[in-house]
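Below is one structure; the comments refer to it alone.
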Amino acid sequence: MTHVLAVIGDMFPDAHCELNHSNPFELTIAVLLSAQCTDETVNKVTADLFQKYRTPADYLAVPLDELENDIKRIGLYRNKAKFIQNLSRILIDEYDGEVPREHEALTKLPGVGRKTANVVVSNAFGVPAIAVDTHVERVSKRLGFAKADDGVLEVEKKLMKLVPRELWTETHHRLIFFGRYHCKAQNPKCPVCPLLDCCKEGQQRMKPALNRKAMN
DNA sequence: AACTCGGGGCA
DNA sequence: TGCCCAGAGTT
């Protein structure tokens, strides 16, 4: 695992959270919006969104359909608009308008699941965490850090065991970049992957190509 | 465990 | 055009 992280670190030395934000509240909104779409798409929307809405009260000051329209370029926008207004109400009523720093409290917010809470605590509050999204899950399974039928919680536990706590957040960022830009769901770059010699799945994927070579 | 939300990106 | 996607909630 240490070797793998070092290699990925060389591939993506600047791995970081790609969602544009300038405070915990904006990060929470951005991660919530990022469900099932790329960070790039989210950033296009939040560029204007964060100019118009700066506080929880701002999101409650407009009708639901206006907020829906403001995030319409993102998928699942009806759910997300509702989540944002309900979440804003709770922040005002129960947390003095601030995003709570506790993981438990975060996951109770509408639209905020385990993955979003992990991203918020690690990127906004400096608490070590490994957020397991589909990229981290896929990469972890391909590299053999988790079993194929493990759920996201199981994958998270296994990764945390393999990596010292102070490296959890960095590990999360590296695995995300590796999965997003190299070890992609479709057409992963196995032929040029520096981890091929320690990746069973990659070797398996490369076999047909080797067989074709042998035929020639 | 399966289903739903959904426009954007990519083949 | 058709397919999949940096999730979370409901049934």
Side-chain angles (χ1 to χ4, degrees), chain A residues 8 11-12 14-21 24 26-50 59 64-91 99-100 103-124 129-143 145-156 159 168-189:
Chain A
I8 298 177
M11 297 171 71
F12 304 102
D14 62 337
H16 63 286
C17 176
E18 296 194 291
L19 293 167
N20 291 336
H21 65 280
E26 286 188 355
L27 177 62
T28 304
I29 299 297
V31 182
L32 188 157
L33 290 175
S34 77
Q36 300 295 99
C37 72
T38 66
D39 285 4
E40 193 183 1
T41 303
V42 175
N43 287 338
K44 285 178 189 167
V45 168
T46 53
D48 294 330
L49 195 74
F50 291 164
Y59 286 103
L64 181 57
D65 61 339
E66 181 174 341
L67 180 55
E68 285 179 356
N69 194 58
D70 287 336
I71 65 171
K72 202 153 178 50
R73 292 162 57 197
I74 297 186
L76 318 179
Y77 61 91
R78 277 191 275 262
N79 284 340
K80 290 171 182 176
K82 260 180 262 177
F83 287 153
I84 290 173
Q85 285 201 331
N86 293 339
L87 172 154
S88 295
R89 170 51 59 198
I90 294 175
L91 292 188
V99 174
H103 188 278
E104 284 245 0
L106 282 165
T107 54
K108 286 180 189 162
L109 298 173
V112 179
R114 184 172 189 85
K115 181 253 178 179
T116 301
N118 281 359
V119 172
V120 170
V121 297
S122 61
N123 288 289
I130 299 179
V132 178
D133 54 32
T134 56
H135 288 314
V136 174
E137 181 178 358
R138 180 183 65 253
V139 166
S140 300
K141 289 179 178 179
R142 282 183 179 169
L143 289 171
F145 300 139
K147 297 199 180 293
D149 57 353
D150 283 341
V152 288
L153 194 61
E154 203 62 33
V155 174
E156 182 181 332
L159 289 176
W168 285 353
T169 300
E170 182 183 356
T171 298
H172 157 71
H173 286 139
R174 288 187 179 181
L175 292 181
I176 293 252
F177 267 65
F178 182 65
R180 179 151 162 68
Y181 298 111
H182 187 92
C183 192
K184 299 181 287 186
Q186 284 87 28
N187 302 322
K189 302 184 179 180

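Chain letters run A, B, ... following the sequence lines, proteins first, then strands; residues in each count from 1. Side chains are part of it too, since the values below use all heavy atoms of this structure and drop only hydrogens, waters and symmetry mates.
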Under 4.0 Å, counting only non-hydrogen atoms across every strand here, what does [X] touch: a base, just sugar-phosphate, or nothing?
X: A:Val119; value: nothing
X: A:Leu109; value: sugar-phosphate
X: A:Lys184; value: nothing
X: A:Thr38; value: nothing
X: A:Ala185; value: sugar-phosphate

Using atom types as modelled and distance alone, determine if a side-chain donor or acceptor of [X] lies under 3.5 Å from a backbone N or O of [Y].
X: A:Arg138; Y: A:Cys183; answer: yes
X: A:Lys189; Y: A:His182; answer: no
X: A:Glu156; Y: A:Ala131; answer: no
X: A:Asn20; Y: A:Asn43; answer: no
X: A:Lys115; Y: A:Ala35; answer: no

Which sits closer to the 5' end of DNA chain B, A:Glu40 or A:Cys37, going by the nucleotide each is nearest to? A:Cys37
Opening and closing nucleotides of DNA chain B in contact with chain A, under 4.0 Å to non-hydrogen atoms: B:dC5 to B:dG9
OG1 of A:Thr41 to CG of A:Leu33: how many Å apart, nearest 0.5 Å? 11.0 Å
Need to verify one output field. Residue with the more 5' nearest nucleotide on DNA chain C, A:Gly111 or A:Ser34? A:Ser34
Whichever of A:Val112 and A:Thr134 has its nearest DNA chain C nucleotide further upstream toward 5': A:Thr134
Within less than 4.0 Å of OP1 or OP2 of C:dA8, is there a side-chain N or O belonging to A:Thr116? yes
Would you please classify the geometry between the A:Tyr181 ring and the A:Phe12 ring as parallel, tilted or perpendicular, with 30° and 60° separating the classes? tilted
Near-strand residues of residues 75-91 of chain A, defined as heavy-atom separation under 4.0 angstrom from DNA chain C: A:Leu76, A:Phe83
Please state the P separation for the pair C:dT11 and B:dG6 - nearest whole angstrom. 16 Å
Looking only at atom C1', what distance separates C:dG9 and B:dG8, rounded to whole Å? 23 Å
Can you measure A:Leu106 atom CG to C:dA8 atom P for me and round it to whole angstrom units? 12 Å
May I have the distance from A:His135 (atom NE2) to C:dC4 (atom P), rounded to whole angstrom? 15 Å
Would a line drawn from the ring center of A:His16 to the ring center of A:Phe177 be shorter than 6.0 Å? yes
Minimum heavy-atom separation for A:Gly111 to A:Thr116, with atom names? O-OG1, 4.3 Å
